[in-house]
There are 2 protein chains.
Amino acid sequence: MGKPALTESKENAEIGALDGILGFHIRLAHGAVYRHFVETFSDLGLTQKQVSVLWLVGDQQGISQIELGSRLHMDRATTMTIVNRLQDREYLRRERSEEDGRKQALFLTTSGHAALEEAKQCIASHESWLKNRFTRQEIEKLVEMLTRIHE
Amino acid sequence: MGKPALTESKENAEIGALDGILGFHIRLAHGAVYRHFVETFSDLGLTQKQVSVLWLVGDQQGISQIELGSRLHMDRATTMTIVNRLQDREYLRRERSEEDGRKQALFLTTSGHAALEEAKQCIASHESWLKNRFTRQEIEKLVEMLTRIHE
DNA sequence: CCAATTTGTTAGTAGAGCATACAATTTGGC
DNA sequence: GCCAAATTGTATGCTCTACTAACAAATTGG
């Protein structure tokens, strides 16, 4: 019954049965990646979401908010707040779409492009910190498995 | 252009070069797991963190807040807000530790135990939703790789 | 042409995370 | 034993992300 009192030297935090929960490991891994991301981007002052949005808008100028949101799995309201923040910082601007008056077309400003370039440098260093612990094959397998989760 | 237009979830959202970023996939996977978690736990009204805390306190009655926080990678302030919320709902209680007057020892209440039991049922169904897409070996490998990230 | 849908917007709520400051307690150096 | 430093808990305030609900404007379809 019960478990022996933990007297072992293991510095690694014991999490008991939680260790068998896949979702738990995904959450912890995400947290670790998140924290390193924030550290890497403390100078730029950009969050993961903001960088993703800059990246996607840079990739596909004129994309609508709804399209942007759907590709990053954000709802309309969440997309709004992030686009608002980037617009306030003058990294991107909205334009009414000509084809569809309901849509806003999003474009990077000049400083938006500059910020994205800087961000891509940070992403590179962040990614190598992350990927360092895996072989090329493992990364491929990991990405494939993660994709099966988020589809 | 093999993809049919459909109203289902699986509209292959193009994310371009972002597709090569491992951190991005971790974030998307986490988001997908999180959303399914919330859905699964909408009846119980518990969050991932709250369940993790209930689980750990149930596993190790008398654990201190600092210990709890360190095992779930939360700082003291964050741990406080979560413990406060669970205490307000009378799922757990604090007791001044006898060995170390600085510490609070945490214990599940009766309804805390009940909530944890319910939660474990939900976790099981949530986990099988998640694990369904993998073989046993893949799960093992995935957990091992995720552990390398969060150590 | 009118009703339904899509898209954007605003406002409000909530969880999680972090920084800072402070109080109580314990620990360690002397 | 005593005092300074470290540990733990607490309180406050801020930010980011995410969701809901309601509403307006534009488009689409029957």
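Just the heavy atoms: all of them, side chains too, but no hydrogens, waters or symmetry mates, feed the values below. Please read all numbers here as calculations on a predicted model, not as lab measurements. All chains are named by letter (A, B, ...) in the order of the sequence lines, taking the proteins before the strands, and each is independently numbered beginning at 1.
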Identify the pairs formed between an N or O of the protein and an N or O of nucleotides 21-23 of chain C at a distance under 3.5 Å, and give each distance.
none

Tell me who clusters with L142(A), hydrophobic residues only, linked when side chains sit under 4.5 Å apart either directly or through other members.
L22(A), I26(A), V33(A), W129(A), L130(A), F134(A), I139(A), V143(A), M145(A), L146(A), I149(A), L22(B), I26(B), V33(B), W129(B), L130(B), F134(B), I139(B), L142(B), V143(B), M145(B), L146(B), I149(B)
Taking CD1 from I66(A) and P from dT6(C), how many angstroms apart are they, rounded to a whole number?
9 Å
Applying side-chain hydrogen bond (donor to acceptor under 3.5 Å, both in side chains) to T81(A) and not counting sequence neighbours gives none
Once you round to the nearest 0.5 Å, how far does OG of S97(B) lie from NZ of K103(B)?
6.5 Å
Q65(A) side chain N/O closer than 4.0 Å to the phosphate oxygens (OP1, OP2) of dT9(C)?
yes
Heavy-atom distance under 4.5 Å between the side chains of E67(A) and R71(A), does that happen here?
yes
Counting neighbours of CD on E90(B) that are heavy atoms of other residues, nucleotides or ligands and sit closer than 6.0 Å, is the number greater than 12?
no
With sequence neighbours excluded, what pairs up with T79(A) under the side chain to side chain contact (heavy atoms under 4.5 Å, CB included) test?
Q65(A), L68(A), M74(A), V83(A)
Would you please say whether a donor-acceptor pair under 3.5 Å links the side chains of H25(A) and H150(B)?
yes
Please list residues of residues 87-108 of chain A whose heavy atoms come under 4.0 Å from any atom in DNA chain D, ordered by number; otherwise none.
D100(A), G101(A), R102(A)
NA contact type, S64(A), heavy-atom cut-off 4.0 Å: base, sugar-phosphate, or nothing?
sugar-phosphate
For residues 43-51 of chain B, tabulate all N or O donor-acceptor pairs below 3.5 Å that involve a side-chain atom, not counting sequence neighbours.
unit_1, atom_1, unit_2, atom_2, d
T47(B), OG1, Q50(B), N, 3.2
Q48(B), OE1, R27(A), NE, 3.3
Q50(B), OE1, T47(B), N, 3.0

With a 4.0 Å cut-off, would you call E144(A) and R148(A) a salt bridge?
yes
Verdict with supporting geometry, R94(A) and Q87(A), side-chain hydrogen bond (donor to acceptor under 3.5 Å, both in side chains):
CA-CA 8 Å; R94(A) 292 170 159 103; Q87(A) 191 184 38; 2.7 Å; yes
Which atom pair, heavy atoms only, marks the closest approach of L106(A) to V57(A)?
O-CG1, 3.7 Å
Return the angle between end axes of the helix from dC1(C)-dG30(D) to dC30(C)-dG1(D), with five pairs used per end and rounding to 10°.
30°
Segment of DNA chain D, first to last nucleotide, that comes within the 4.0 Å heavy-atom reach of chain A:
dC16(D) to dT27(D)
d(CG, N84(A); P, dA11(C)) in whole Å
11 Å
Does anything in residues 106-134 of chain B pair up under salt bridge (Lys or Arg N to Asp or Glu O under 4.0 Å), and if so which pairs, sequence neighbours excluded?
E127(B)-K131(B)
Answer yes when R93(A) and E95(A) have at least one side-chain N-carboxylate O distance shorter than 4.0 Å, and no when they do not.
yes
Results of ring-ring contact (aromatic ring centres under 6.0 Å, His included) for F37(A) - residues two or more places apart only
F41(A), H126(A)
For residues 81-113 of chain B, which residue pairs qualify under ring pair (Phe, Tyr, Trp, His ring centres under 6.0 Å), counting only residues two or more places apart or in two chains?
none
Summary of protein contacts for nucleotides 12-18 of chain C, nucleotide by nucleotide, where a base hit scores B, a sugar-phosphate-only hit scores S (4.0 Å, heavy atoms):
---SSBB
